[in-house]
Amino acid sequence: MTRDDLPEGPDALAGLARQLIDEFSTVGARLRSYTDVDEVLTDLSRASLRLVPHAEHASASRRAGAGFVTVGATSDVPPQVDRIQYELGHGPCVDAILTDSLFNAGDLRTDLRWPEFGRRAAEETGILSMLSFRLFFEDADSAELLAALNLYATKPEAFDEVDETMLGLVATHGALAVSAAQQRRRAEGVTAALQSNRDIGAALGVLMARMLVTREQAFDLMRIASQRTNRKLRDIAADVLDTGTLALIEQPQRAGRPKQPAAGD
């Protein structure tokens, strides 16, 4: 989609929203299958580059510990720009994440909000315009995740209100997809935990029947095997179910017999 494809007149934004929903339906279907947040952010940055006509590069920034990381960069330019922001602790994407705001930097060479960052970004990367939009997560479980979508351009005043609206719509879809991914990952974790518990329970039953021990004794034997072999309890349980036995000590691999010295050596 190019700028010439955009609707004109008072219904421009409404028409734009309809076009974006149509174009984003394919992306949205793919996003609904993800369980990894960074996969979602990567797809969103690529979608942003396709859907915002004036964007030359795109990425997502995510809070990681006390700092930030760049995810899904569409070229090697965003990491270069972001590295300067992360080093200085401020810039459009960092401030968008920390203040829950939209930042449209029209000319980084003269933007008084980030004089040092703007100067270095322009000189070192050639980027003059940036548009950053924080993703807003409504569910409490995603509250600790802080992320933003970022667009970059080498022309000054590259991004207008239409670009802001487009990126905002992508970010809205993206926030829902990220929340859904986290919910799917938690659900898969619960399913895996239930399966692990079932396997451990079944393994205890096997040991109780074969070794004529109590449930507590069988569990102690599995725990000892886990500690001695430095393996997880669920892996010990899987072995018991596969073999019907419990190996308390992991058998070391045998090396070849050392060669006997020849006479006169």
Peer 1: Apply side-chain contact (heavy atoms from CB on, under 4.5 Å) to residues Leu146 and Arg62 and explain how you reach the verdict.
Peer 2: CA-CA 6 Å; Leu146 301 177; Arg62 174 174 59 76; over 6 Å; no
Peer 1: Supply the atom-to-atom distance Leu167 CG to Phe133 CZ, rounded to the nearest 0.5 angstrom.
Peer 2: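 Result: 6.5 Å between the selected atoms.
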Peer 1: In terms of heavy-atom contacts, does CZ of Arg119 have more than 12 from other residues, nucleotides or ligands at under 6.0 Å?
Peer 2: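 More than 12 heavy atoms, drawn from other residues, nucleotides or ligands, come within 6.0 Å of this atom.
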Peer 1: Between Leu98 and Arg63, is there a side-chain heavy-atom distance shorter than 4.5 Å?
Peer 2: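 Yes, at least one pair of side-chain atoms sits under 4.5 Å.
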Peer 1: What closest approach, in Å, do Ala60 and Asn150 show between heavy atoms, and which atom pair accounts for it?
Peer 2: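 For Ala60 and Asn150, the tightest heavy-atom pair comes out as C-ND2, 3.9 Å.
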Peer 1: Please check if any side-chain donor atom of Tyr152 sits under 3.5 Å from a side-chain acceptor atom of Thr125, or the reverse.
Peer 2: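 There is no such pair (donor and acceptor under 3.5 Å, judged by atom type) between the side chains of Tyr152 and Thr125.
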Peer 1: Between Thr165 and Asp163 (side chain of the first, backbone of the second, donor and acceptor by atom type, cut-off under 3.5 Å), is there such a pair?
Peer 2: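 The answer is no, because no donor-acceptor pair under 3.5 Å joins these two groups.
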Peer 1: With distance as the sole criterion, is a donor-acceptor pair present between the side chains of Thr74 and His57 under 3.5 Å?
Peer 2: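 Distance-only check fails for Thr74 and His57.
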Peer 1: For residues His90 and Asp95, is any side-chain donor paired with an opposing acceptor at under 3.5 Å?
Peer 2: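 Per modelled atom types, His90 and Asp95 side chains form no pair under 3.5 Å.
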Peer 1: Using 30° and 60° as the class limits, which term best fits the ring planes of Phe68 and Tyr86: parallel, tilted or perpendicular?
Peer 2: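 Parallel, since the angle between the ring planes stays under 30°.
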Peer 1: Ignoring hydrogens and geometry beyond distance, is a side-chain donor-acceptor pair present between Ser129 and Asp107 at under 3.5 Å?
Peer 2: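 Side-chain D/A pair, Ser129 to Asp107: absent.
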Peer 1: Quick one: pull up CG in Leu204 and CD in Gln217 and give me the separation to the nearest 0.5 Å.
Peer 2: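 That separation rounds to 12.0 Å.
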Peer 1: Is the count of non-hydrogen atoms from other residues, nucleotides or ligands lying under 6.0 Å from Arg113 atom CZ greater than 12?
Peer 2: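 Count over threshold, so yes.
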Peer 1: Is the shortest heavy-atom distance from the side chain of Val71 to the side chain of Val69 under 4.5 Å?
Peer 2: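 A side-chain contact under 4.5 Å exists here.
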Peer 1: Between Thr154 and Glu56, is there a side-chain heavy-atom distance shorter than 4.5 Å?
Peer 2: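 Heavy-atom side-chain distance check passes, below 4.5 Å.
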Peer 1: Could you check if a side-chain atom of Gln80 sits within less than 4.5 angstrom of a side-chain atom of Asp76, using non-hydrogen atoms only?
Peer 2: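 Gln80 vs Asp76: side chains touch.
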Peer 1: Assess whether side-chain contact (heavy atoms from CB on, under 4.5 Å) is satisfied between Arg83 and Arg120, documenting all intermediate values.
Peer 2: CA-CA 11 Å; Arg83 175 182 53 79; Arg120 289 182 57 184; 4.0 Å; yes
Peer 1: side-chain contact (heavy atoms from CB on, under 4.5 Å) for Leu131 and Leu149? Distances and angles first, verdict last.
Peer 2: CA-CA 8 Å; Leu131 184 62; Leu149 291 176; over 6 Å; no
Peer 1: Which distance, rounded to the nearest 0.5 Å, do you find between the CG of Asp111 and the CG of Asn104?
Peer 2: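 Rounded to the nearest 0.5 Å, the CG-CG separation comes out at 9.5 Å.
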Peer 1: Report yes or no: do Ile84 and Met130 belong to one cluster of Ile/Leu/Val/Met/Phe/Trp/Tyr joined by side chain heavy-atom distances under 4.5 Å?
Peer 2: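 Same cluster: Ile84 reaches Met130 through Ile, Leu, Val, Met, Phe, Trp or Tyr contacts under 4.5 Å.
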Peer 1: Atom CG of Leu151 and atom CE of Met166: how far apart are they, to the nearest 0.5 Å?
Peer 2: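 CE of Met166 is found 10.0 Å from CG of Leu151.
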Peer 1: Phe219, Leu241: one ILVMFWY side-chain cluster at the under-4.5 Å cut-off?
Peer 2: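 They do share one cluster, since a chain of ILVMFWY contacts under 4.5 Å joins Phe219 to Leu241.
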Peer 1: For the residue pair Ile236 and Ile200, establish whether any side-chain heavy-atom pair is separated by less than 4.5 Å.
Peer 2: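 Ile236 does not reach Ile200 side chain to side chain.
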Peer 1: I need the minimum non-hydrogen distance between Pro79 and Ser75, along with the two atoms involved.
Peer 2: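 Closest approach of Pro79 to Ser75: CD-O, 3.5 Å.
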Peer 1: Can you check whether Leu128 reaches Arg109 side chain to side chain, under 4.5 Å on heavy atoms?
Peer 2: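 They are in contact (side-chain heavy atoms under 4.5 Å apart), so the answer is yes.
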Peer 1: Do Arg134 and Cys93 make a side-chain contact, defined as non-hydrogen atoms from C-beta onward lying under 4.5 Å apart?
Peer 2: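 Of all side-chain heavy-atom pairs linking Cys93 with Arg134, none is under 4.5 Å.
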Peer 1: Report the C-alpha distance between Phe117 and Val94 in whole Å, list the side-chain angles of each, state the deciding distance to 0.1 Å, and finish with yes or no for side-chain contact (heavy atoms from CB on, under 4.5 Å).
Peer 2: CA-CA 11 Å; Phe117 162 71; Val94 171; over 6 Å; no
Peer 1: Are any of the side-chain heavy atoms of Leu169 and Leu51 separated by less than 4.5 Å?
Peer 2: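 Counting from C-beta outward, Leu169 and Leu51 never come under 4.5 Å.
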Peer 1: CD of Gln85 to OG1 of Thr70: how many Å apart, nearest 0.5 Å?
Peer 2: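 The OG1 atom of Thr70 is 8.0 Å from CD of Gln85, to the nearest 0.5 Å.
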